[in-house]
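As structure tokens, the structure follows; a few thoughts come after it.
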Amino acid sequence: MKSKSNNETRDAILQTLASIPEGRVCTYGTIARLAGSPGQARYVGYILKTLPHPTSIPWHRVINSKGKSAFPPGSDKYSMQMTRLKQEGIVVVDSASGETIEMSTCFWPDS
DNA sequence: GATATGACATGTT
DNA sequence: CAACATGCCATAT
């Protein structure tokens with residue numbers, strides 16, 4: 001029987017997200033690639049968006065390739081994410097267009 | 001099944 | 001560095 005949807009892929013992505021250690025950040029594309037599905041960066045974002053609110057997924061550790069939050073600055077989630085990242089020890093640089101995450105020191109998997 | 005949208009990535013201008 | 005354009009794929013209508 002055929003699956004209604006690729007729950008395996010979704011689960012793989014969720015597993016990858018849950019595998020991000022504290023004090024580290026990762027980009028959507030990297031997560032998708034680690035999950036075994038390169039190019040599905042959008043899928044990762046879609047999952048997080050549709051995730052239940054009381055989720056154990058550290059979505060705040062997920063950022064885009066620009067090194068910034070995926071939400072518009074000033075939004076609740078944006079502030080919450082930045083607060084959490086700083087609390088985890090992640091370096092965030094204040095920039096004119098918003099706070100930029102120093103992934104050079106917090107990127108995962110670093111090695 | 002086609003069209004539109006999306007918590008993206010990458011390249012070019 | 002910023003804006004624009006293109007690719008990639010799943011979900012919603």
Side-chain angles (χ1 to χ4, degrees):
Chain A
M1 82 189 261
K2 294 181 178 238
S3 324
K4 297 175 184 175
S5 299
N6 290 354
N7 293 337
E8 296 181 9
T9 304
R10 189 172 84 195
D11 187 49
I13 293 173
L14 293 174
Q15 297 275 342
T16 304
L17 290 168
S19 302
I20 303 177
E22 298 181 9
R24 289 275 189 281
V25 293
C26 190
T27 66
Y28 292 92
T30 301
I31 291 164
R33 183 160 28 140
L34 294 174
S37 296
Q40 298 194 274
R42 299 186 91 140
Y43 189 38
V44 178
Y46 208 90
I47 291 170
L48 294 174
K49 184 179 61 175
T50 59
L51 267 179
H53 187 223
T55 183
S56 10
I57 303 302
W59 55 270
H60 48 263
R61 295 184 192 142
V62 186
I63 58 179
N64 60 16
S65 61
K66 296 174 198 164
K68 298 184 185 181
S69 174
F71 317 105
S75 190
D76 296 351
K77 294 176 182 169
Y78 178 87
S79 300
M80 178 168 66
Q81 180 175 28
M82 287 305 171
T83 301
R84 280 213 179 236
L85 292 175
K86 292 176 184 174
Q87 190 173 7
E88 300 258 326
I90 296 173
V91 181
V92 180
V93 182
D94 184 6
S95 183
S97 300
E99 297 160 286
T100 305
I101 294 149
E102 199 62 281
M103 11 199 274
S104 305
T105 55
C106 317
F107 192 69
W108 176 90
D110 46 359
S111 198

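Keep in mind the model is a prediction, meaning the values are calculated, not measured. To find a chain, count down the sequence lines: A is the first, B the second, and so on, and within it residues start at 1. Both backbone and side-chain heavy atoms feed into the values below; hydrogens, waters and symmetry mates do not.
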A/D110 CG: over 12 foreign heavy atoms closer than 6.0 Å
yes

Do A/V44 and A/Q40 come close enough that some side-chain heavy atom pair is under 4.5 Å?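 Of all side-chain heavy-atom pairs linking A/Q40 with A/V44, none is under 4.5 Å.
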
Tell me the interatomic distance from [X], atom [atom1], to [N], atom [atom2], rounded to whole angstroms.
X	N	atom1	atom2	answer
A/F71	B/dG6	CZ	C1'	13 Å
A/I63	B/dA7	CD1	P	17 Å
A/I47	C/dC8	CD1	P	19 Å
A/H60	B/dA7	NE2	C1'	14 Å
A/K66	B/dT10	NZ	P	12 Å
A/L51	C/dA10	CG	C1'	15 Å
A/M103	B/dC8	CE	C1'	13 Å
A/K49	B/dG6	NZ	P	7 Å

Review point. Base, sugar-phosphate, or nothing for A/S97, non-hydrogen atoms under 4.0 angstrom?
Key: sugar-phosphate

Any base atoms under 4.0 Å from A/Y43, or only sugar-phosphate, or nothing? Heavy atoms, all strands.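 Sugar-phosphate contact only - A/Y43 comes under 4.0 Å of backbone atoms but never of a base.
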
Item to check | Closest heavy-atom pair and its distance - A/L14, A/I57 | outcome: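 Scanning both residues, the minimum pair turns out to be O-CD1, 3.8 Å.
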
query: Taking all non-hydrogen atoms of both residues, which atom of A/V92 and which atom of A/M82 are closest, and how far apart?
result: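 Closest heavy-atom pair between A/V92 and A/M82: CG1-SD, 4.2 Å.
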
Review item, side-chain donor-acceptor pairs of residues 60-67 of chain A, under 3.5 Å, at least two apart:
from: A/R61; atom 1: NE; to: A/E88; atom 2: OE1; distance (Å): 3.4
from: A/R61; atom 1: NH1; to: A/I20; atom 2: O; distance (Å): 2.9
from: A/R61; atom 1: NH2; to: A/E88; atom 2: OE1; distance (Å): 3.2
from: A/N64; atom 1: OD1; to: A/K66; atom 2: N; distance (Å): 3.2
from: A/N64; atom 1: OD1; to: A/G67; atom 2: N; distance (Å): 3.4
from: A/N64; atom 1: OD1; to: A/K68; atom 2: N; distance (Å): 3.1

Measuring from the side chain of [X] (C-beta onward, heavy atoms only), which nucleotide among [options] has the closest atom?
X	options	result
A/S65	B/dA7, C/dC9, B/dT10	B/dT10
A/L48	C/dC8, B/dA7, B/dA9	B/dA7
A/Y46	B/dA9, B/dA7, C/dT11	C/dT11
A/W59	C/dC9, B/dA9, B/dA7	B/dA7

*Hey, which sits more toward the 5' end of DNA chain C by its nearest nucleotide, A/T50 or A/A41?*
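Result: A/A41.
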
Between B/dA7 and A/S69, is there an OP1 or OP2 to side-chain N/O distance shorter than 4.0 Å? no

With DNA chain B as reference, determine whether A/Y28 or A/R33 sits nearer its 5' end, using the nearest nucleotide of each.
->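 Result of the comparison: A/Y28.
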
